[in-house]
Amino acid sequence: MRAISVAVSVPGLGPLTYAVPDGIPDPSIGARVLVPLGDRTVTGIAIPAADLPPKGGSDPPSPLRGSGEAGAPRTSDLGPRTSTEIKPLTDVLDEEAFLPPEVVELAAWVAGYYACGVGEAIATAMPPRAWVETERHARITDLGEARLLTERGLRRDVLEKLAGGRVVSVEALARKSRGTHGALQTLARDGLIALTRPLKGRADASRTVRVAMLSTQGHESLEGGPRRGPRQQAALDLLRGAPDGVPVSDLAEQNIPNASVAGLVRLGLVMVERRRVERDPFDSGAHPPAARPAVLELTAEQQAALQRLRDLSSRRRFEAALLHGVTGSGKTEIYLRLARDVQASGRGVLLMVPEIALTPAAAATFRAAFGARVAIQHSGLSDGERYDQWQRIRRGEVDVVVGTRSAVFTPLASLGLIVVDEEHDGSYKQDESPRYHGRDVAVVRARSANALVVLGSATPSLETYYNAQSGRYALITLERRVLDRPLANVTIVDMRAEFATEGPDVVLSRALRDGLAARLERREQSIVLLNRRGFATAVFCRQCGDTLECPNCSVSLTVHKAAGRARCHYCNYSLALPKVCAKCAGPYLEQLGFGTERIEQEIRAHFPGARVGRVDRDTIRRRGAISTLLARFAGGELDVLVGTQMIAKGHDFPRVTLVGVVSADVGLGLADFRAAERTFQLLTQVAGRAGRGEVAGEAIVQTLHPNHYSIRHACRQDYASFYADELHFRQSMRYPPAIALINVIVKAKSRANAIEDAGEIASAMRRPGLDAYRILGPAPAPLGRLKGEHRSQLFIKGSQRNTMRKALLTVLDARPDLKRRTIVDVDPLSVL
Ligand code: ADP
Ligand code: ZN
């Protein structure tokens, strides 16, 4: 019996084994198959058989290897089974691979490395609408009806079920008897039945339009035939001028109804055919075209960097490089030229950006350079657009893909170059399973594709810089801005002194107010950053001391003044802003702390004439809202842009000469070993938004911790000193990149249970004599309660991820109930 391994999109589930019924050819690796799972039928992807060692990738061993006996799903959820009980698959949806085999391999690597189910990882690699839960249908033909009585056995049974023109699903037909698939195949071959997979069904989510065209007869009738009624004649006249046809919907807009077209079709004068249309995200106007000079002359530094990258890329083997270039040093131009080379050599290019909605410039620049040969992939697109773009890539109509995190799984063939722009950005890490880091997966993909991967940043992550220092990555540096524009001049405002002179309620320091006034006067633009949204961060009763807390999470509710509500930023619970204290009924509620909504109000109050816009998650809920706001700012319709870290990312606004940072230390109080790194990156990046045009820039940074090394070094844009200090901290505290870290969070109904369960994991992992790793904890997680669940935490620290991961999974696999409540985060970015 033939058996295959299948990945299905069920959390935590490893590969499953199914039998291939007679009459169905073996599915290719990467093909979609329909399989029974419990009482459902679900889509899966055929993956390499469990006993075949996978190609490439050394750390970790692929999860496909040695993954259980044939026939048995590995999780005990589904109950143990023996190979005699292997269920047959229901149908094979694709004749050829749907996901390219190299993407299947990559997803399998992700599942192994990040300790999640292979199906979850594969699901991440799939375009939307690719999971089909319907199946093929069978229908009897005229010949089948005629021959029905001469058939015997299974063939007769099938024909009888279909007699009278009933359309029955292949699954329903095959349910009773195993040989049915074979019978269906031979009946279809002999023309007695037709197997259909409705094109308009969900197996193919392309959009089609009906296009009308003149037939030969139609052309002739125009030459001398009788004139038709006014509507039909109008249609014929229109179609004569359109050799490629006219969409029927366009005809309807010209007052030519469907009925008239149908009449012409019946007369044989007009043909209507279905054509696939691409839903093109570039048509929606969401990405303004970049206004840029046609040809730039590279600076000497850019030229040297490009030359080194060209050398690396021409080796046509795996190479990794860090392009460390200060903000405004012209990295995009280097990517673009390198991409052209690679395209010319016949290989594909993947450009990854943290968030396309926030960096429309990258997509537009590449679109301008590569025209229709570029596709974009990100979650801001509609499902239809994403699906179509994915299919174009899959069909090989595209050489360059610009996308976010999940684009690392793009079905682009023969990759030659992957660029990960702003590689330090936290958006590359997915904060739900699979908890993969797009940059790290990009490196793995480049390795198996023998491609060059370029990681670009002005503020590289500690991990990447560490790799560059140790020689694993080539280090290429751009120390200067293009056109010798100076970096912004940074002033630190010590808010403790400011409070002493201006009072405790001051939000915008005197220096920042003066700076804004001067910009407004000179008609220059300003950006004001505060990495916290909302109006106030807490509501506090002065009478009884109670604060407004989320009933589900251990955090206080944030005041959203315009909405008149207090909201939890973790679970979205909200209530109308109370007028009196819920506990003591006292009327003395006070709001503490402030967020971007308050900053916007303060600026409007100080500068009534200023045109102020705000970018944070509250103002950009609507699709496209952020592009509109940023485009208005770029077009000079706004004077001041207030926002969270979203506005710090990769934008190029030449008219911005002032960047203000309110509460630069927002992140420093968090119990997270990356707090200093994040603060440094954010400050450096946002300061880098100033002075990118003709006029030099200035940044004003308000802080309560002017001497903290992350703030001091950021103000001097001194990456090397920051790296040295931070690496020293990580080494002495044993944090990445000095060691490998796995964060384990256990969720439970009560705090005590959470601690107890985590304690069990810890003690099972602490075996005497084992010094490959150390376990810290259990302890309550910094976010001790989230969405109604109590959370406790363990850290596993060591040098070998493999050993650490294996020890953890051994413990968890023995306790499926506990495993379901446990979050395993390998290489965590945040440990809250
Ligand atoms: P980075 O990504 O390194 O911060 P960008 O790639 O956004 O910098 O480049 C900053 C600006 O400089 C862009 O407007 C870009 O068009 C421009 N630029 C890049 N290279 C040159 C050059 N050699 N000469 C003039 N302008 C350049
Ligand atoms: Zn909550």
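Reckoned from all heavy atoms, side chains included, excluding hydrogens, waters and symmetry mates. Counting convention: from 1, in listed order, for ligands and their atoms alike.
With 3.5 Å as the limit, one finds no donor-acceptor pair spanning the side chains of Gln343 and Arg347. A side-chain N or O of Arg565 and one of Ser574 form a donor-acceptor pair less than 3.5 Å apart. Of the N and O atoms on the side chains of Asn467 and Glu463, not one donor lies less than 3.5 Å from an acceptor on the other residue.
The line from CG of Leu322 to CZ of Arg472 is 13.0 Å long, rounded to the nearest 0.5 Å. One distance of note links CG of Leu529 with CD1 of Ile599; it measures 10.0 Å at 0.5 Å rounding.
Using a 4.5 Å heavy-atom cutoff, the side chains of Tyr428 and Met352 are in contact.
The shortest N or O to N or O distance between Gly330 and ligand 1 is under 3.5 Å. For the pair Glu297 and ligand 1, the shortest N or O to N or O distance falls below 3.5 Å. Some N or O of Thr332 is nearer than 3.5 Å to an N or O of ligand 1, by distance alone.
Counting only distances under 2.8 Å, and ignoring water, the protein N, O or S atoms around the Zn ion (ligand 2) are Cys550 SG, Cys553 SG, Cys568 SG, Cys571 SG.
Taking the ring centre of Phe594 as origin, the terminal cationic atom of Arg532 falls inside the region bounded by 6.0 Å and 45° from the ring axis.
You'll find the ring centres of Tyr723 and Tyr466 outside the 6.0 Å limit. Two rings, from Tyr719 and His324, have their centers less than 6.0 Å apart.
Heavy atoms of Leu296 found under 4.0 angstrom from ligand 1 belong exclusively to the side chain. Only the side chain of Gln302 comes within 4.0 Å of ligand 1, judged by heavy-atom distances.
Atom 1 (P) of ligand 1 has its nearest heavy-atom neighbour, among Gly328, Gly456, Ser457, in Gly328.
In the vicinity of Thr327, heavy-atom distances shorter than 4.0 Å reach the ligand 1 atoms 4 (O).
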